[in-house]
Amino acid sequence: MRLRMTIIMVATLLFAAMSVSKPARADPLVVDLSNHLVAISTGFTGTDVLLFGAIENKGDVVITVRGPERDVVVRRKERKAGIWINTKSAYVRNVPAYYATAASRPIELIANDRLFASYHIGLHNQRFVTTMDGDDTDDSLYRDALLRNMEYVGLFNDKPAKISFLSNQLFRTDIHFPANTPTGTYLIDVYLIRDGRIASIKSTPLVVSKTGISAEIYDFAHRYSALYGIIAVIIAGIAGWIASVLFRKN
């Protein structure tokens with residue numbers, strides 16, 4: 001399987017290199033993935049997806065990987081009477097379920113912050129919409145907490161991974177998806193940057209989906225949630241009864 005993937009990558013890159021050698025018909029940026037589907041089965045522990053491509057002439061490459069958007073509630077805890085309790089909260093919309101970046105050089109050497117902000121590149125350039133409860137007016141505390149929590153579970157990564165150039169034109173990088181990667185359609189944007197400006201952009205989708213028995217259980221639980229809950233309670237009761245019988249003292 002690995003040999004077949006390597007052959008496909010080399011053939012694609014050679015074709016791209018032949019294409020960029022003809023200035024009249026050249027596409028300044030060509031990219032592809034080793035796999036456009038990440039299948040999550042019962043024993044899924046994470047995986048890497050190879051992204052490879054070619055550029056015309058020299059330049060820097062920056063990649064962003066963005067998962068499907070969702071709404072998140074961020075709660076603020078305060079200690080009262082010696083107990084930590086939830087006191088205030090914020091409703092944050094347009095939060096990607098996964099976010100990662102990769103770059104061919106340190107990001108600060110490629111372009112200025114204004115360019116990255118205009119294209120929403122980087123975690124701190126994401127446009128989250130925050131609605132706060134209570135009398136809070138500063139959403140930065142909730143935003144920072146959200147970023148910190150997502151980085152802690154491995155779903156946000158603001159430190160760009162390394163993009164390796166195999167020559168002046170051919171490049172590659174590995175995109176890591178951890179075991180807790182959410183399902184959905186992901187969007188991978190590849191930027192070719194020259195002299196601090198965007199020269200070309202390519203976008204390609206990637207699907208993360210459950211497969212096998214876990215997919216069937218997941219689908220059943222969402223389609224028939226009440227029945228799934230009843231079955232779970234019955235199974236738990238039977239398991240508890242069997243355990244009590246097996247370990248009963250004479």
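Computed from heavy atoms alone, side chains included, the values below leave out hydrogens, waters and symmetry copies. Residue numbers count from 1 along this sequence.
Just one residue in the list Ile163, Leu51, Thr47, Leu50 forms a side chain to side chain contact (heavy atoms under 4.5 Å, CB included) with Asp174, and that residue is Leu50.
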Steps toward side-chain contact (heavy atoms from CB on, under 4.5 Å) verdict (Glu56, Leu192): CA-CA 10 Å; Glu56 180 188 12; Leu192 174 60; over 6 Å; no
Can Thr183 and Ser209 be said to form a side-chain contact (heavy atoms from CB on, under 4.5 Å), step by step? CA-CA 5 Å; Thr183 58; Ser209 177; 5.6 Å; no
Is there a side-chain contact (heavy atoms from CB on, under 4.5 Å) between Phe128 and Leu147 once you walk through the steps? CA-CA 11 Å; Phe128 300 150; Leu147 296 181; 4.0 Å; yes
Check the pair Leu166 / Arg172 against side-chain contact (heavy atoms from CB on, under 4.5 Å), numbers first and verdict last. CA-CA 8 Å; Leu166 308 179; Arg172 57 157 293 166; 4.2 Å; yes
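Applying the ring-ring contact (aromatic ring centres under 6.0 Å, His included) criterion to Tyr98, with sequence neighbours excluded, gives Phe177, Tyr186.
A donor-acceptor contact shorter than 3.5 Å links the side chain of Thr173 to the backbone of Lys162. Counting only distance, with no hydrogens or angles, the side chain of Ser104 and the backbone of Val61 share a donor-acceptor pair below 3.5 Å. In this structure, Arg194 contributes its side chain and Lys58 its backbone to a donor-acceptor pair below 3.5 Å.
More than 12 heavy atoms of other residues, nucleotides or ligands shown are found within 6.0 angstrom of NE2 on His176. Residue Lys159 qualifies as open at atom NZ: its count of foreign heavy atoms under 6.0 Å is 12 or below.
For the pair Asn112 and Leu115, the tightest heavy-atom approach, listed with the atom from each and the gap, is OD1-N, 3.0 Å. Ala97 and Met150 get closest at one heavy-atom pair: O-CE, 3.7 Å. Considering all non-hydrogen atoms of both residues, Pro68 and Gly184 come closest at CG-CA, 4.0 Å. What you find for Val31 and Lys202 is that their closest heavy atoms are CG2-CB, 3.7 Å. For the pair Val74 and Ala145, the tightest heavy-atom approach, listed with the atom from each and the gap, is CG1-CB, 4.3 Å. Among all heavy-atom pairs drawn from Ser89 and Val73, the shortest one is CB-CG1, 4.2 Å.
When hydrophobic clusters are built by joining Ile, Leu, Val, Met, Phe, Trp and Tyr residues whose side-chain heavy atoms come closer than 4.5 Å, directly or via intermediates, Val62 is not grouped with Leu206. Hydrophobic clustering (ILVMFWY, side-chain heavy atoms < 4.5 Å, transitive): Val65 and Phe44 are in one cluster. Under the 4.5 Å side-chain heavy-atom criterion for ILVMFWY residues, no single connected hydrophobic cluster contains both Ile198 and Val190. The cluster map of Ile, Leu, Val, Met, Phe, Trp and Tyr, joined by side-chain heavy atoms under 4.5 Å apart, puts Tyr191 and Ile188 in different clusters. When hydrophobic clusters are built by joining Ile, Leu, Val, Met, Phe, Trp and Tyr residues whose side-chain heavy atoms come closer than 4.5 Å, directly or via intermediates, Phe171 is not grouped with Leu109.
Expressed to the nearest 0.5 Å, how far CZ of Phe165 lies from CG of Leu170 amounts to 9.0 Å. Rounding to the nearest 0.5 Å gives a distance of 4.5 Å between CG of Asn180 and CG of Leu155. Ile55 CD1 to Ile193 CD1: the interatomic distance, rounded to the nearest 0.5 Å, is 11.0 Å. One distance of note links CG of Asn157 with OH of Tyr99; it measures 10.5 Å at 0.5 Å rounding. From Asp60, atom CG reaches atom CG of Asp195 across 9.5 Å, with rounding to the nearest 0.5 Å. Of the inter-residue distances, the one linking Gln169 atom CD with Leu29 atom CG reads 12.0 Å to the nearest 0.5 angstrom.
For residues 143-152, no residue pair satisfies the side-chain hydrogen bond (donor to acceptor under 3.5 Å, both in side chains) rule, not counting sequence neighbours. Within the structure, the side-chain hydrogen bond (donor to acceptor under 3.5 Å, both in side chains) test picks out no pair touching residues 113-122 (sequence neighbours left out).
Proximity of Phe156 to Val95: side-chain heavy atoms (C-beta onward) are separated by under 4.5 Å at one or more points. In this structure the side chain of Val49 reaches within 4.5 angstrom of the side chain of Ser34, judged on heavy atoms.
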